[in-house]
> 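Got a structure for you, written out below as structure tokens; questions coming shortly.
Note on naming: letters A, B, ... go to the chains in the order of the sequence lines (proteins, then strands), and numbering restarts at 1 for each one.
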There are 2 protein chains.
Amino acid sequence: MVTKPISPRTMGRLPIYYRYLEDLQRLGVERISSDQLAQRIGITGSQLRQDLSAFGQFGHHGLGYHVGPLLERVSELLGLKQPHRLVLVGAGNLGRAVASYAGFARRGVRIGRIFDVDPQLIGTEIAGVPVAPMRDLGAYLASEHIDVGIIATPAASAQETADILVAGGVRAIWNFAPLRLTVPDRVLVEHTHIIDSLLHLSLRLHMQE
Amino acid sequence: MVTKPISPRTMGRLPIYYRYLEDLQRLGVERISSDQLAQRIGITGSQLRQDLSAFGQFGHHGLGYHVGPLLERVSELLGLKQPHRLVLVGAGNLGRAVASYAGFARRGVRIGRIFDVDPQLIGTEIAGVPVAPMRDLGAYLASEHIDVGIIATPAASAQETADILVAGGVRAIWNFAPLRLTVPDRVLVEHTHIIDSLLHLSLRLHMQE
DNA sequence: TAGATTGTTAATCGATTAACAATC
DNA sequence: TAGATTGTTAATCGATTAACAATC
């Protein structure tokens with residue numbers, strides 16, 4: 001189905017295309033030209049067409065692109081057609097924020113359980129997901145097939161958590177703790193360091209002066 | 001002081017250089033060669049030297065780079081030498097997580113006040129920062145000089161919040177709400193959409209299959 | 001059909017890598 | 001000095017833009 005190899009830069013833009021197409025669909029827009037969509041996103045129409053052509057022919061000469069089918073295709077490329085099964089480790093503010101994120105269910109992302117060391121939290125639910133004691137994480141992973149582990153623990157326990165997740169067979173780790181994790185090559189790590197965003201903003205402010 | 005124009009890609013890597021240099025400093029490493037540092041980061045030594053040469057000569061032939069002075073220079077470029085004054089709007093889980101982020105103080109980032117609509121929270125403190133009622137935001141901005149407004153409200157009130165922040169004279173908005181904000185050109189917007197990270201991870205997982 | 005817009009080729013632009021003289 | 005490593009130039013590679021024939 002993939003007609004040409006998709007370049008890294010194009011891949012990096014897929015989440016953005018996905019979000020904009022979702023917005024259009026929600027607004028009831030059925031068709032849009034490459035120039036119109038590109039303008040919203042802030043890129044050139046040429047670049048958008050170049051990107052889209054890497055994974056199929058979706059446009060209609062003279063008419064533009066149908067939002068629905070294009071969104072389907074982008075979703076498929078993003079791997080959103082298969083549901084993802086996740087566990088979340090760390091039920092502090094950040095963990096709670098992640099667990100409560102409204103957009104997951106709609107995209108096939110299911111957090112099966114939350115793990116934390118705080119005895120006060122054990123047995124409670126956060127956003128409908130039960131909180132279990134950290135020491136049960138290994139056993140849980142052994143009994144359930146989990147794709148992704150989310151680490152929202154303090155930095156001090158993040159590596160230890162990663163080790164348990166890896167031993168439990170996760171294929172990827174989504175890491176919010178402010179440190180680099182050491183994992184085997186076969187395990188993907190996505191770092192989400194909010195400080196990077198702030199540093200980037202600070203840089204832009206500074207350049208503007 | 002800036003010797004050559006710094007390319008967008010190089011600018012994008014500055015936060016990463018900053019974090020790695022911080023780590024090295026904390027570990028007590030005083031000197032490092034471009035090849036060693038590049039290897040840690042996962043880029044080539046050539047690229048690192050090319051990047052660093054854009055903003056000065058820091059290396060010592062045969063010896064490598066001194067971590068301290070280089071970190072100083074990168075901090076300066078990132079605008080971390082001037083303290084930033086921020087307000088945070090929205091004291092939900094995400095807002096609390098941002099307010100509690102330990103790395104801000106060290107980098108000259110100060111959240112002066114938190115605003116929320118929940119009467120229960122008014123008068124309390126989060127991470128030592130007082131929570132004030134949302135309706136006082138405009139007056140607060142008029143009385144204090146604030147650089148950046150952080151939006152951690154639900155999507156439904158994010159644009160309204162942005163309007164108040166803009167009217168209050170902020171130069172930039174750090175937006176966590178899952179929607180695009182409309183602001184005048186002079187106001188910078190940094191979007192931090194955690195869903196993008198997950199989509200990117202999902203894509204990588206999917207490509208690997 | 002006439003007008004609009006795609007998909008694709010070719011041209012341009014920018015970023016990364018390779019190589020090495022300079023130099024500590 | 002000999003060895004190591006920078007800073008920079010030139011070569012390569014890849015991504016973006018421009019242009020337009022194809023086509024609905």
> Would the number of heavy atoms belonging to other residues, nucleotides or ligands and lying under 6.0 Å from CZ of A:R107 be above 12?
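Result for CZ/A:R107: enclosed.
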> Using a cut-off of strictly less than 4.0 Å, decide whether A:Y65 has a side-chain nitrogen or oxygen near OP1 or OP2 of C:dA4.
no
> Base, sugar-phosphate or nothing for B:T10? Non-hydrogen atoms, less than 4.0 Å.
nothing
> Does A:Q50 get its side chain close enough to the base of C:dT8, under 3.5 Å, for a donor-acceptor pair?
no
> For B:Q47 and D:dC13, give me the distance from atom CD to atom C1', rounded to whole Å.
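The distance from CD of B:Q47 to C1' of D:dC13 comes to 13 Å, rounded to the nearest Å.
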> Which nucleotide in the set C:dT17, D:dG7, C:dG7 lies at the smallest distance from any side-chain heavy atom of A:H61?
C:dG7
> D:dA15 pairs with which nucleotide, Watson-Crick or G-U wobble, both distances below 3.5 Å?
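In the structure as shown, D:dA15 has C:dT12 as its Watson-Crick or wobble partner.
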> With sugar-phosphate meaning primed atoms plus P, OP1 and OP2, does B:G62 contact a base, only sugar-phosphate, or nothing at under 4.0 Å between heavy atoms?
base
> If I take atom CZ in residue B:R9 and atom P in nucleotide D:dA15, what distance separates them, rounded to the nearest angstrom?
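The answer, rounded to whole Å, is 8 Å.
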> Does the ring of A:Y17 carry A:R73 above it, NZ/CZ under 6.0 angstrom from centre and within 45° of its axis?
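Here A:R73 fails the 6.0 Å and 45° test against A:Y17.
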> If I take atom CD in residue B:Q57 and atom C1' in nucleotide C:dC24, what distance separates them, rounded to the nearest angstrom?
13 Å
> Nearest whole angstrom, please: distance from the P of C:dG7 to the CZ of A:R73.
13 Å
> Within the 3.5 Å criterion, strictly below it, is a donor on B:D35 or B:Q39 matched to an acceptor on the partner's side chain?
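Result is no, nothing qualifies.
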> May I ask which nucleotide in the shown strands pairs with D:dG3, Watson-Crick or G-U wobble, both distances under 3.5 Å?
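D:dG3 is paired with C:dC24.
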> Send over the distance from B:D51 CG to D:dT8 P, rounded to a whole Å.
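For the pair B:D51 CG and D:dT8 P, the rounded distance is 14 Å.
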> Roughly, in whole Å, what's the span from CZ in A:R49 to P in C:dG7?
9 Å
> Once hydrogens and angles are ignored, does a donor-acceptor distance under 3.5 Å link the base of C:dA18 to the side chain of B:S46?
yes
> For A:I43 and B:H60, find the nucleotide of DNA chain D closest to each by heavy atoms; which residue's nucleotide sits nearer the 5' end?
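Comparing both residues, the 5'-ward one is B:H60.
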> Charged N to carboxylate O under 4.0 angstrom, B:E72 versus B:K81?
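Salt bridge flag = yes for B:K81 with B:E72.
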> Are B:R19 and A:D196 within salt-bridge range, i.e. N to O under 4.0 Å?
yes
> Round to a whole Å and report the spacing from CZ of B:R31 to P of D:dT5.
9 Å
> For a quick check of understanding: with a heavy-atom distance under 4.0 Å over all strands, which category does B:R13 fall into, base, sugar-phosphate or nothing?
sugar-phosphate
> Is any side-chain N or O of A:T44 closer than 4.0 Å to OP1 or OP2 of D:dT16?
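No, because none of the side-chain N or O atoms of A:T44 sits under 4.0 Å from OP1 or OP2 of D:dT16.
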> Given atom CG of A:L37 and atom P of C:dA4, what is their separation to the nearest angstrom?
20 Å
